[in-house]
Protein chains: 2
Amino acid sequence: MSKQAIKLSVDAVVFGYEEGNISVLLIKRKFEPFKGQWAIPGGFVEHDESLETAVERELLEETGIKINYLEQLYTFGKPKRDPRGRVVSVAYFGLVRPNTFDIFAATDAEQVQWFNSNELPKLSFDHKEILNTAIERLQGKITYEPLGFELLDKKFPFSDLEKLYTTLLGRDIDRRNFRKKIIGLNVLDELNEKVSKGSGRPANLFQFNKKRYFQLKKEGIIFEI
Amino acid sequence: MSKQAIKLSVDAVVFGYEEGNISVLLIKRKFEPFKGQWAIPGGFVEHDESLETAVERELLEETGIKINYLEQLYTFGKPKRDPRGRVVSVAYFGLVRPNTFDIFAATDAEQVQWFNSNELPKLSFDHKEILNTAIERLQGKITYEPLGFELLDKKFPFSDLEKLYTTLLGRDIDRRNFRKKIIGLNVLDELNEKVSKGSGRPANLFQFNKKRYFQLKKEGIIFEI
DNA sequence: ATATATTTGTGTATAAATTACACATAATGA
DNA sequence: TCATTATGTGTAATTTATACACAAATATAT
């Protein structure tokens, strides 16, 4: 064979959320190409592992993060996207809960850091395009799949959910109508626990009931905001 | 290198439509594995071609079809999906207009044929799964993207569109309300041409105005049925 | 040529969903 | 105890979706 084979990699755009900010997990590359530049975590797929396994392995190896939700995003395969040769990358997008924040750098990563999604550094390869695709997907999907809960703590006050949606959708929402709608979807359990952060009336905690959600979905009842 | 490299292929689920029937383009495999069995068209990606080019090339080579609409579907990468070794396949889904029906068999195809989507034969590899994914995507997307027009002739009577949606959505729709809605979307040009097929009042022809659609989309006006 | 069958084309009234909007409650802190 | 801050709740107005029937234009059969 005269030509080198096509290589297959996986990359993951990992979103976090805290205090009204969407953040993205990036690594600083330790090696060429793009040494010292920021990139989304990822790496080559090994011969006998599934794509999902590869993503999870790379994320763990490079950043120490435990992903909460993972879905395939898109496969990027332009011939010149990697200067090392032909590399096709299957991109994933993932969501993590806020207090999974015990990240560390390892293997090809010199540094790992959360970046506010509107203060992103220059990225390596075509990672900017991958990231944009992921943001679009997240914003699009949040209205018809209950992804938001994957970004919040298991138990959360309603205002957290509200703020999250305000952030993700990039526009104000009516507090009363939003609550009415979400409660009407019947996928939240209201707990008998209150939490109070700072001044103001303490808030009741809620919990997403995934089981009920899947039940309703099976019955053809759709989640939509 | 002791292990063989991962190979990359593309496959395409191509949908056609005629007379109230969704059809899928399949080839009968000429070689092992799965020799003599039906499969969706596809093949290995060459070193310097983009994924889209690879799909279009394979489709042309194997079936002679000219695709009208093509989008990436999903990448299938389970380690054991191909008995020849590790093959990861980027699947696409395509739509063709009815009178592009000059198909022929070539290269690895012994035969090419349109199958009614609810009378499909047993398929090779994990192609059943790929096909199901494509059908889901088509049905899901048809309501919020104007894909339907890609399956009709450029000029079509309104009833064609209506029948197409009835078929794709798998349920009856109210003729008057449907027409009201579609006309209200402002993406159809009504032509001064009539067509009459068989008995009944002749129908006016319509044409999808792609330019206007993109204009409206840019203005944030969404297509939804 | 006349009647019958077939398909296209159109409006209105009702129901359902979405939106707009304001004040009481429970806590903190000065 | 008074001011401040965040939570929690209902109703009316508007918009959108649904249900529904008959006239117009042609082909076909008698």
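In the text below, chain A, chain B and the rest are named by the order of the sequence lines, each starting its count at 1. Values in this document were obtained by computation on a predicted structure and should not be read as measured data.
- Rounded to an integer number of Å, the gap from B:Glu193 CD to C:dT8 P is 17 Å.
- Ring-plane geometry between A:Phe178 and A:Tyr165 is classed as tilted, the angle between the planes lying from 30 to 60 degrees on a 0 to 90 degree scale.
- The heavy-atom pair separating A:Asp174 from A:Arg176 by the smallest distance is OD1-N, 3.0 Å.
- B:Phe178 places its CZ atom 17 Å from the C1' atom of D:dA19, with the value rounded to the nearest Å.
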Seminar exercise, completed: Given protein heavy atoms under 4.0 Å, the one-letter contact record of nucleotides 20-30 of chain C, with B base, S sugar-phosphate only and - none, is simply BBB--BBBS--
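- Residues of residues 138-152 of chain A having a heavy atom closer than 4.0 Å to DNA chain C: none are found.
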Problem set entry | CA sep, side-chain torsions, deciding dist, call: A:Phe104, A:Thr63, side chain to side chain contact (heavy atoms under 4.5 Å, CB included) | CA-CA 5 Å; A:Phe104 58 85; A:Thr63 73; over 6 Å; no
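- Rounded to whole angstrom, the span from the NZ atom of A:Lys181 across to the C1' atom of D:dG10 amounts to 18 Å.
- For the atom pair A:Arg179 CZ and A:Ile173 CD1, the distance stands at 12.5 Å (nearest 0.5 Å).
- Rounded to an integer number of Å, the gap from CD of B:Glu19 to P of C:dT7 is 11 Å.
- Under 4.0 Å is where a charged nitrogen must lie from a carboxylate oxygen, and between A:Glu150 and A:Lys210 at least one such pair does.
- In this entry the distance linking CZ of B:Arg179 with P of D:dT18 reads 19 Å, nearest Å.
- Using a 4.0 Å cut-off between charged nitrogen and carboxylate oxygen, B:Glu129 and B:Arg81 do not count as a salt-bridge pair.
- A distance-only check finds a donor-acceptor pair linking the side chain of A:Ser124 to the backbone of A:Trp38 [under 3.5 Å].
- Per the geometry, CG belonging to B:Leu205 stands 14 Å off C1' belonging to C:dT7, to the nearest Å.
- When B:Phe93, B:Trp114, B:Tyr92, B:Tyr69 are each tested for a side chain to side chain contact (heavy atoms under 4.5 Å, CB included) with B:Val14, only one passes: B:Trp114.
- Taking atom CG of B:Asp160 as the reference point, atom P of C:dT7 lies 13 Å away to the nearest angstrom.
- Nucleotide C:dG9 holds its C1' atom 10 Å from the CG atom of B:Asn204, rounded to whole Å.
- Ring geometry for A:Phe223 versus A:Tyr213: interplanar angle over 60°, hence perpendicular rather than tilted (30 to 60°).
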